[in-house]
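Report on one structure; see the data block that follows.
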2 protein chains.
Amino acid sequence: MRCAITEFQQEQKKRMRSVQDAMDALNGKWKIAIISSICCYGKRRFSDILNDVEGVSNRMLSKELKELELNQLVTRTVLATQPITVEYELTEHGNTLQTIISELSGWGIVHRKKITGK
Amino acid sequence: MRCAITEFQQEQKKRMRSVQDAMDALNGKWKIAIISSICCYGKRRFSDILNDVEGVSNRMLSKELKELELNQLVTRTVLATQPITVEYELTEHGNTLQTIISELSGWGIVHRKKITGK
DNA sequence: TTACTTAGTTACACCGATGTTACTGTTATT
DNA sequence: AATAACAGTAACATCGGTGTAACTAAGTAA
């Protein structure tokens, strides 16, 4: 019986770890907004995202995009325009986030109603 | 056409807000682990959760539980035992998080494989 | 009488995430 | 010659989330 409990707790730990992995990838004040911006347009330039995501600074945008790239959620492509422009696009893996984001959005709406009544 | 874009952007903003509402409710280093602990056992006492959630301090546990209670995700019941014990339980609303958490866990597993290869 | 348990609270410190401002380098425009 | 656009980078300040340690209060056991 003790063995069963331990096994159960280990399953639990794995679950926790994987949830944490997901949350880590999404962590950062602007990540989800950035992903949504790119997602909506397919491809999106740095300055476009800067406009889309209300309140973000170029510093933070640059930082968050780098992290998203590290996590293989977006790709970065430099275009030989003048002046140079940079296009960001969701990877296939990044696109799988859409389900999660939709679920979060749906739950968020219900939650807001619960809490504020609106 | 300009009108259409504005409408679209407003939809986008609403989506962002509701995702943020959801994230806010889940934010905090220990919240998901705490929810999982309570969820697994149905009801769970303060000191039990303290043991379940590896690394959490009583200060943080108390704080996070308060926030979860404010967000109507858990209920707090004082039992007239000696010494007093306190039982925490997920609300119906709190239980609706299970879907989200499962999705996050599932995505996290895939994501970890992508990044680390394991 | 002292120590222990439960469920917290209080005071203090720290660090990392974020914000602000200014700057780079290249090219085109005025 | 000076300015603007693009995609950032660098230096500095700040603030909130988190950690640590000690403490409370009531009752029980040694």
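Lettering of chains follows the sequences in order, A, B, ..., and the numbering in each one begins at 1.
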Between CD1 of A/Ile84 and P of D/dG8 the distance, given in whole Å, is 9 Å

Would you please confirm or rule out a distance under 4.0 Å between OP1 or OP2 of C/dT9 and any side-chain N or O of B/Ser62?
-> yes

B/Ser47 vs C/dT5: side-chain N/O to OP1/OP2 distance below 4.0 Å = no

Between atom CZ in B/Arg76 and atom P in C/dT6, what is the gap in whole Å?
-> 16 Å

Any idea which of C/dT6, D/dG19, C/dG8 is nearest the B/Trp30 side chain?
-> D/dG19

Separation of D/dA7 P from A/Ile34 CD1 (nearest whole Å) | 14 Å

Would you sort out whether A/Glu87 and A/Arg45 count as a salt bridge (Lys or Arg N to Asp or Glu O under 4.0 Å), showing the intermediate values?
-> CA-CA 4 Å; A/Glu87 248 178 28; A/Arg45 289 181 315 141; over 6 Å; no

Among D/dA22, C/dA17, D/dT20, the one nearest A/Lys63 by side-chain distance | C/dA17

The single option from B/Ile34, B/Ile38, B/Thr91 passing side-chain contact (heavy atoms from CB on, under 4.5 Å) against B/Val74 = B/Ile38

Do B/Arg59 side-chain and D/dG19 base share a donor-acceptor contact under 3.5 Å?
-> yes

With the side chain of B/Ser57 defined as its heavy atoms from C-beta on, choose the nearest nucleotide among D/dT20, C/dT18, C/dA7.
-> D/dT20

C/dG16 P sits how many Å from A/Asn27 CG, rounded?
-> 15 Å

Please give, in whole Å, the distance from C/dA11 C1' to B/Met60 CE?
-> 16 Å

A/Arg45 CZ to D/dC6 C1': how many Å, rounded?
-> 8 Å

Return the nearest nucleotide to the side chain of A/Val86; candidates are D/dA7, C/dT6, C/dG8.
-> D/dA7

State whether B/Lys66 places a side-chain N or O below 4.0 Å from either non-bridging phosphate oxygen (OP1 or OP2) of C/dT9.
-> yes

Can you name the nearest heavy-atom pair linking B/Gln12 to A/Cys40, along with the distance?
-> OE1-SG, 3.5 Å

Considering residues, nucleotides and ligands other than A/Ile84, do more than 12 of their heavy atoms fall under 6.0 Å from its CD1?
-> no

Do A/Arg15 and B/Ile101 touch side chain to side chain, with heavy atoms closer than 4.5 Å?
-> yes

Closest nucleotide of DNA chain C for A/Glu64 versus for A/Pro83: which of these residues is on the 5' side?
-> A/Glu64

Output yes when at least one side-chain N/O atom of A/Lys29 is less than 4.0 Å from OP1 or OP2 of C/dA17, else no.
-> no

Does B/Glu54 CD have over 12 foreign heavy atoms under 6.0 Å away?
-> no

Taking atom P of C/dG25 as reference, at what distance in whole Å does atom CZ of A/Phe46 sit?
-> 18 Å

Hey, are B/Glu67 and B/Asn71 close enough side-chain-wise for a donor-acceptor pair under 3.5 Å?
-> no

Report the end-to-end axis angle of the helix from C/dT1-D/dA30 to C/dT30-D/dA1; each axis comes from five terminal pairs, and the value is rounded to 10°.
-> 30°

Starting from P on C/dT21, measure out to CG on A/Asn58 and report it in whole angstrom.
-> 12 Å

In short, B/Phe46 meets B/Asn58 closest at the heavy-atom pair CZ-O, 3.7 Å

